[in-house]
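Residue numbers run from 1 in the order of the sequence given. Counting convention: from 1, in listed order, for ligands and their atoms alike. We use all heavy atoms of the structure for the numbers below, so side chains are in, but hydrogens, waters and symmetry mates are not. Note that the structure is predicted; figures quoted are calculated from it, not measured.
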Amino acid sequence: MTFEDLSRQYDFCGRTVVITGGTGVLGGEIARALAGCRANVALLDRNLEPGRELLALMGVEAASRAALVPGDVLDAESLRHAAAAIVERFGRVDALVNAAGGNKAEATTGHDRSFFDLPSEAMRWVFDLNLLGTILPCQVFGRLMAERGEGVVLNISSMNALRPLTRVPAYSAAKAGVSNFTQWLAVHMAQEYSPRIRVNAIAPGFFLTNQNRYLLTDERSGGLTPRGQTILAHTPMARFGEPGDLVGAVTWLLSPASSFVTGIVVPIDGGFSAFSGV
Ligand SMILES: NC(=O)c1ccc[n+]([C@@H]2O[C@H](COP(=O)([O-])OP(=O)(O)OC[C@H]3O[C@@H](n4cnc5c(N)ncnc54)[C@H](OP(=O)(O)O)[C@@H]3O)[C@@H](O)[C@H]2O)c1
């Protein structure tokens with residue numbers, strides 16, 4: 001292999017990637033990186049406002065290959081509308097990144113909320129957003145891949161899927177479901193449709209974003225909570241991840257460089273999952 005051969009594998013020119021939660025922190029960074037590698041990117045989200053800022057950050061050339069597409073990952077009909085709009089704009093869908101997901105305070109145990117009192121609606125919200133919100137886009141966009149006999153899906157699991165963290169039972173269970181579903185769909189697509197459809201996931205460690213800031217930092221002092229400190233103490237690289245830390249693994253899993261890789265979940269965690277704590 002030459003350097004040119006390798007570089008070519010990461011040239012996404014002419015390939016269209018749909019990113020659910022594409023205007024969020026991690027999805028947005030993934031979108032920016034892929035547009036920078038010349039992909040067409042469709043940022044599918046229920047709130048497109050933050051997407052305008054993202055497009056401005058991409059620069060005119062990359063932004064010309066990006067589309068903001070309204071869609072709700074829990075509503076199959078809205079996903080079908082989004083898929084039609086994306087195919088009309090770009091011609092086809094080559095890859096799907098499922099980055100919509102998250103946790104909520106009401107589904108988190110704490111001083112004022114025991115496990116026994118967690119409301120079922122809050123837990124259902126978390127299960128639905130993370131698990132069903134991954135499965136439904138795979139049905140809608142996976143169908144297009146099955147018709148063409150080719151495509152790549154990348155799900156976003158979490159460290160919680162490997163070993164559940166304290167306080168977030170619904171989120172941990174939902175992400176374990178995402179990892180399990182990733183393996184299931186990888187086998188199903190390869191056996192039933194085409195071995196050229198691959199399905200993988202990443203399991204990010206700890207990235208300071210809107211969905212976990214309330215758990216990791218103290219709102220008043222801005223310093224780390226005891227939980228935030230414990231996480232850093234258990235991360236051999238002794239820092240939180242930056243969204244850009246995901247980009248290498250994401251582009252690898254979406255590119256032909258990983259053409260014989262399917263059904264895996266790649267930790268991107270500064271060594272958190274390798275460390276026993278001793
Ligand atoms: N941050 C971390 O440390 C970390 C670690 C491991 C895994 N993850 C996972 O990484 C993914 C991205 O997380 P993030 O930190 O980037 O969170 P984020 O900034 O909150 O991004 C998630 C995006 O999904 C959107 N969304 C929520 N519900 C939706 C729906 N029903 N339909 C369409 N879009 C919807 C959100 O919109 P709204 O803003 O309107 O809600 C938001 O734009 C999630 O799956 C998360 O669980 C994050």
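Judged by distance alone, the side chains of Thr16 and Arg92 never bring a donor and an acceptor atom under 3.5 Å apart.
Closer than 4.0 angstrom to ligand 1 sit non-hydrogen atoms from Gly21, Thr23, Gly24, Val25, Leu26, Asp45, Arg46, Asn47, Gly71, Asp72, Val73, Ala99, Ala100, Gly101, Gly102, Leu129, Asn130, Ile156, Ser157, Ser158, Tyr171, Lys175, Pro204, Gly205, Phe206, Phe207, Thr209, Gln211, Asn212.
The pair Arg239-Asp245 meets the salt-bridge criterion, since a charged nitrogen lies less than 4.0 angstrom from a carboxylate oxygen. For Arg38 and Asp11, the salt-bridge test passes: some basic side-chain N is under 4.0 Å from an acidic carboxylate O.
Note on residues 183-197: pairs passing side chain to side chain donor-acceptor pair (under 3.5 Å), not counting sequence neighbours, are Glu150-Arg196. Among residues at least two apart or in separate chains, side chain to side chain donor-acceptor pair (under 3.5 Å) pairs with a member in residues 128-139 are Asn130-Lys175.
The ring pair (Phe, Tyr, Trp, His ring centres under 6.0 Å) test applied to Phe206 returns Phe272, not counting sequence neighbours.
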